[in-house]
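Convention: sequence-line order gives letters A, B, ...; per-chain numbering from 1. All figures in this text were calculated on a predicted structure; none of them were measured in a lab.
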Protein chains: 2
Amino acid sequence: MNKLKDDILHLSQDCGNCPIRHRAVCARCDSDELERLDQIKYYRSFEAGQTVIWSGDRMEFVGSVVSGIASLTQTMEDGRTQMVGLLLPSDFVGRPGRESAAYDVVATTDLVMCCFRKKPFEQLMVDTPHVAQRLLEMTLDELDAAREWMLVLGRKTAREKIASLLSIIARRDASLKLQGMQGQLVFDLPLTREAMADYLGLTLETVSRQVSALKRDGVIQLEGKRHITIPDFARLLEEAGDDGDGGIMV
Amino acid sequence: MNKLKDDILHLSQDCGNCPIRHRAVCARCDSDELERLDQIKYYRSFEAGQTVIWSGDRMEFVGSVVSGIASLTQTMEDGRTQMVGLLLPSDFVGRPGRESAAYDVVATTDLVMCCFRKKPFEQLMVDTPHVAQRLLEMTLDELDAAREWMLVLGRKTAREKIASLLSIIARRDASLKLQGMQGQLVFDLPLTREAMADYLGLTLETVSRQVSALKRDGVIQLEGKRHITIPDFARLLEEAGDDGDGGIMV
DNA sequence: GTTCGCGCTTGATCTGGGTCAAAGATATAT
DNA sequence: ATATATCTTTGACCCAGATCAAGCGCGAAC
């Protein structure tokens with residue numbers, strides 16, 4: 001639970017108000033704009049497993065993840081589900097200009113979100129082009145991430161899929177903690193095997209087997225079920241089938 | 001199916017010069033703006049199989065597809081490839097604000113594109129917020145399409161994948177041709193079996209087998225290798241596993 | 001015409017990952 | 001301490017789709 005605290009401390013520095021600032025861009029927001037944001041801001045907490053919003057529901061806010069993990073999921077009538085987005089701290093949620101949610105948003109861990117009432121936020125976007133501009137950049141990043149993931153889903157083996165997911169989480173986790181890059185990364189896996197499976201288009205049994213295999217082969221070390229050490233990040237990327245530095249998943 | 005008809009009327013209007021107008025939005029462009037667009041416009045033609053731009057290359061234009069089909073593809077070192085986007089006539093290509101291409105853009109059929117020099121186009125975006133706004137909308141649409149496709153890639157069977165792809169192409173094709181509506185759709189499949197496979201994360205043999213199976217079962221009719229008749233679109237959607245009217249793929 | 005080439009189909013066989021089933025680990029509640 | 005529940009691991013078996021291989025159809029080049 002230290003991690004959660006760390007996250008909060010880390011993010012509380014600049015997460016006060018502007019969700020855009022989470023992405024370290026809204027130095028461009030002047031005090032007047034920040035003032036306006038403050039007035040339409042509120043926080044919401046969710047427990048792991050809770051649904052933040054159902055697909056099709058009217059969406060009355062936008063916001064960003066302060067701590068914890070949320071996921072965007074799609075479900076077919078027969079129950080097959082696929083996560084289509086992983087929302088880590090600092091990621092933006094919601095669609096200015098869209099009436100209703102296109103996906104279920106689910107709290108995958110305990111979750112705190114910083115929300116803004118949608119209408120006024122949209123007005124702010126209209127008034128301040130650089131916020132709209134920033135939103136376009138973020139959307140393009142998300143699109144790249146989604147397409148990157150299409151390669152993972154369509155063409156990678158189960159082992160490569162697991163390695164890809166671990167590398168993404170390791171990278172993001174490390175960057176939040178200002179850690180890493182000395183070759184060794186340590187982090188707590190914030191997803192259950194089932195959540196990993198839903199994200200990778202696998203079954204939880206296959207996930208479990210492949211994680212065990214990566215452990216056996218020394219690609220990762222594993223204490224308990226969730227605490228992971230990656231002795232050689234380059235090796236992990238190789239296992240993921242990433243040429244060079246791919247995997248910009250957001 | 002009313003929505004389908006709306007789409008049709010929508011797209012048929014024109015695609016003369018403004019790439020944004022392709023999406024039937026730039027009624028908002030005034031004559032001055034169209035004038036500016038005309039000055040930075042040029043056309044390019046490609047033969048089937050040609051590469052429009054390689055991943056990583058510097059991108060000096062944005063534009064949209066006038067006729068033919070282009071695809072965005074990713075390739076791993078060992079040759080596995082995955083299409084991550086299908087660009088049909090009226091679709092936009094390029095990233096204002098991005099230096100280099102993130103994917104290979106390949107002409108899947110003979111292709112004509114309407115291009116705009118990137119720098120001036122970006123300036124136009126800055127000057128006219130509604131163009132930037134429109135671009136955000138389009139990017140959000142693409143993101144939805146990509147996520148829709150993640151479900152296809154991650155959780156659908158081969159037969160469902162084929163049906164999903166056919167329904168997307170049928171819908172788009174019909175809308176371009178002002179055709180259909182009597183429950184029966186007729187179109188020419190513009191993709192080889194291999195291209196379909198690359199899009200669906202399958203092998204070309206599996207694609208061929210499943211197309212044959214759909215034919216055998218009367219879901220589609222097939223003259224020659226490419227000419228397809230869909231006697232009952234709702235049936236096709238059912239085969240695709242789409243609840244309701246899903247599949248908004250762009 | 002005949003031959004070449006390419007896209008497509010179909011068959012035979014193999015295998016990665018799914019499915020079904022059981023049991024081990026932790027954690028929280030009684 | 002025991003019980004209940006959730007998450008995870010592992011084994012045995014199966015099947016959808018991959019792989020390997022052969023042949024078909026048809027347009028273009030000779």
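When heavy atoms are screened at a 4.0 angstrom cut-off, B/G49 is found touching no nucleic acid atom at all. Among the protein residues, B/R226 comes within range of the sugar-phosphate backbone only, with heavy atoms under 4.0 Å from sugar or phosphate atoms but none that close to a base. Looking at heavy-atom distances under 4.0 Å, B/S208 makes contact with a base.
Note: CG (B/L222) to C1' (C/dT9) measures 11 Å, nearest angstrom. Taking atom CG on B/L202 and atom P on D/dG17, their separation rounds to 7 Å, with Å as the unit. Summarising the geometry, the separation between CD on B/Q210 and P on C/dC8 is reported as 16 Å, rounded to the nearest angstrom. Atoms CG (B/L204) and P (D/dG17) sit 15 Å apart, rounded to a whole Å. Taking atom NE2 on A/H227 and atom P on C/dT26, their separation rounds to 15 Å, with Å as the unit. Remark: C1' of C/dG7 and CG of B/L189 are 12 Å apart, rounded to the nearest angstrom. In this structure, A/I162 places its CD1 atom 16 Å from P of C/dG16, rounding to the nearest Å. Atom CZ in A/R193 sits roughly 19 Å away from atom P in C/dG24 (whole-Å rounding).
Residue B/T157 places none of its side-chain N or O atoms closer than 4.0 Å to OP1 or OP2 of D/dA16. B/R209 has no side-chain polar atom (N or O) that falls below the 4.0 Å cut-off from OP1 or OP2 of C/dT9. OP1 or OP2 of C/dT10 has at least one side-chain nitrogen or oxygen of B/S212 nearer than 4.0 Å. Checking the phosphate oxygens (OP1, OP2) of D/dC7, no side-chain nitrogen or oxygen of A/T192 falls inside 4.0 Å.
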Legend entry - Evaluation steps, side chain to side chain donor-acceptor pair (under 3.5 Å), between B/S164 and B/S167: CA-CA 5 Å; B/S164 298; B/S167 73; 5.5 Å; no
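Summary of the strand contacts: A/G224 and A/R159 both lie near DNA chain C, and taking for each the nucleotide with the nearest heavy atom, the more 5' one is attributed to A/R159. Comparing B/V207 and A/E194 by the nucleotide of DNA chain D whose heavy atom lies nearest to each, the residue mapping closer to the 5' end is A/E194. Nucleotides of DNA chain C nearest to A/K225 and A/E205 differ in position, and the one nearer the 5' end is that of A/E205.
At least one donor-acceptor pair under 3.5 Å links the side chain of A/T192 to the backbone N or O of A/A195.
Checked for salt-bridge contact, B/E239 and B/R235 meet the test: a charged N lies under 4.0 Å from a carboxylate O.
Among A/T75, A/T73, A/D104, A/D198, the one residue that satisfies the side-chain hydrogen bond (donor to acceptor under 3.5 Å, both in side chains) test with A/T81 is A/D198.
Taking the ring centre of A/F61 as origin, the terminal cationic atom of A/R44 falls inside the region bounded by 6.0 Å and 45° from the ring axis.
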